[in-house]
Amino acid sequence: MLWLWLCEDDGMVLDIIGIVLQAATALAIVIGAWQLLFHSRQMHRDFESLYVERYWQIMDRRSNDWILKGKTKPEDETIIRQYLQLCEDEIDLRELGRVSDGTWKFWADAIRMQAGVEPYVSTLRKLGTRAYPSVSRLMREPDWDPCVWSPAKRKIRGL
């Protein structure tokens with residue numbers, strides 16, 4: 001009965017129903033896109049957490065002399081190199097678009113601050129720029145961002 005009434009009304013009701021359905025479809029697309037962006041951001045956060053955990057695993061193995069007195073022991077050299085390698089890995093991930101903009105700002109500042117003091121400075125100097133090229137570049141160019149994506153691509157990728 002309703003169907004007959006709709007068909008008799010010169011299509012006006014059908015036009016309204018069509019507009020409502022199109023609006024509902026558009027809203028569903030917007031909500032779906034928002035969920036994808038949120039999911040992408042959450043994936044970045046989870047991935048970044050792994051590197052924060054790795055950082056603390058390295059730092060927790062420092063000798064007591066280094067922690068308490070600032071004097072490294074020979075076994076701390078491995079920890080210094082592991083930290084510099086971690087930094088190199090973080091920079092590589094940023095270049096690949098796996099580290100969000102906010103996290104990169106924090107990490108880049110932290111890398112420059114920590115790698116800019118002894119014993120990291122002397123290790124970097126001793127090994128030269130070939131051992132840790134990205135860390136060395138970040139130390140020379142404080143505003144360098146290895147991710148060269150456009151702002152639109154960053155937003156789409158959840159950075």
### Query
So does Arg81 pair up with Glu77, basic N to acidic O under 4.0 Å?
yes
### Task
Check whether more than 12 heavy atoms from other residues, nucleotides or ligands sit under 6.0 Å from atom CZ of Arg140, and answer yes or no.
yes
### Query
Considering all heavy atoms of both residues, which atom of Leu86 and which atom of Tyr51 are nearest to each other, and what is their separation?
CD1-CD2, 3.5 Å
### Query
Would a hydrophobic clustering, with Ile, Leu, Val, Met, Phe, Trp and Tyr connected at side-chain separations under 4.5 Å, put Val117 with Trp107?
yes
### Query
salt bridge (Lys or Arg N to Asp or Glu O under 4.0 Å) between Arg62 and Asp76: does it pass, once the steps are laid out?
CA-CA 6 Å; Arg62 295 175 295 172; Asp76 290 325; over 6 Å; no
### Summary
Taken to the nearest 0.5 Å, the spacing of Thr72 OG1 from Ile67 CD1 works out to 12.5 Å
## Note on the structure
Shortest non-hydrogen pair, Pro119 vs Ile80, comes out as CG-CD1, 3.3 Å
#### Entry: Heavy-atom closest contact (Glu90 atom, Ile111 atom, distance)
OE1-CD1, 3.6 Å
### Interatomic spacing from CD in Gln85 to CG in Asp92 - rounded to 0.5 Å
8.0 Å
### Query
Are Lys71 and Trp66 close enough that some pair of their side-chain heavy atoms sits under 4.5 Å apart?
no
### Task
Identify whether the distance between the nearest side-chain nitrogen and carboxylate oxygen of Lys105 and Asp109 falls below 4.0 Å.
yes
### Message
Assess the residue pair Glu88 and Ser134 against the criterion (side-chain contact (heavy atoms from CB on, under 4.5 Å)); give the C-alpha distance rounded to whole Å, side-chain angles, the decisive distance to 0.1 Å, and a yes or no.
### Response
CA-CA 6 Å; Glu88 197 73 19; Ser134 297; 3.1 Å; yes
### Query
Run the side-chain contact (heavy atoms from CB on, under 4.5 Å) check on Gln114 and Tyr55 step by step: do they pass?
CA-CA 12 Å; Gln114 188 161 347; Tyr55 169 82; 3.0 Å; yes
### Message
Tell me if a side-chain donor or acceptor on Arg112 pairs with a main-chain N or O of Pro142 at a distance below 3.5 Å.
### Response
yes
### Query
Just how far is it from atom NZ of Lys155 to atom OG of Ser150, taken to the nearest 0.5 Å?
12.5 Å
### Query
At what distance, to the nearest 0.5 angstrom, does OH of Tyr120 lie from SG of Cys87?
8.0 Å
### Distance in Å, Lys73 NZ paired with Ile79 CD1, rounded so as to fall on 0.5 Å steps
11.0 Å
### Query
Between Gln82 and Arg61, does a side chain to side chain donor-acceptor pair (under 3.5 Å) hold up when you go through it step by step?
CA-CA 11 Å; Gln82 287 175 345; Arg61 291 192 348 264; 2.2 Å; yes
### Query
For the hydrophobic clusters of this structure (ILVMFWY residues joined by side-chain heavy atoms under 4.5 Å, transitively), does one cluster hold both Trp144 and Leu93?
yes
### Query
Hey, any chance Val121 and Met113 share a hydrophobic cluster, counting ILVMFWY side chains that come within less than 4.5 Å of each other, even indirectly?
no
### Task
Verify the cluster assignment for Trp56 and Ile58: are they in a single hydrophobic cluster under the rule of side-chain heavy atoms below 4.5 Å apart?
yes
### Task
Taking Glu75 for its side chain and Ser63 for its backbone only, find out whether a donor-acceptor pair lies under 3.5 Å.
no
### Query
Shortest non-hydrogen contact from Pro146 to Arg94?
CG-CG, 3.6 Å
### Task
Over all heavy atoms of both residues, which pair between Gly128 and Ser136 is shortest? Give the atoms and the distance, please.
O-OG, 4.4 Å
### Query
Any idea which heavy atoms bring Val135 and Leu124 closest together, and the distance?
CG1-CD1, 4.1 Å
### Query
Atom CD1 of Ile91 and atom CG of Leu96: how far apart are they, to the nearest 0.5 Å?
12.5 Å
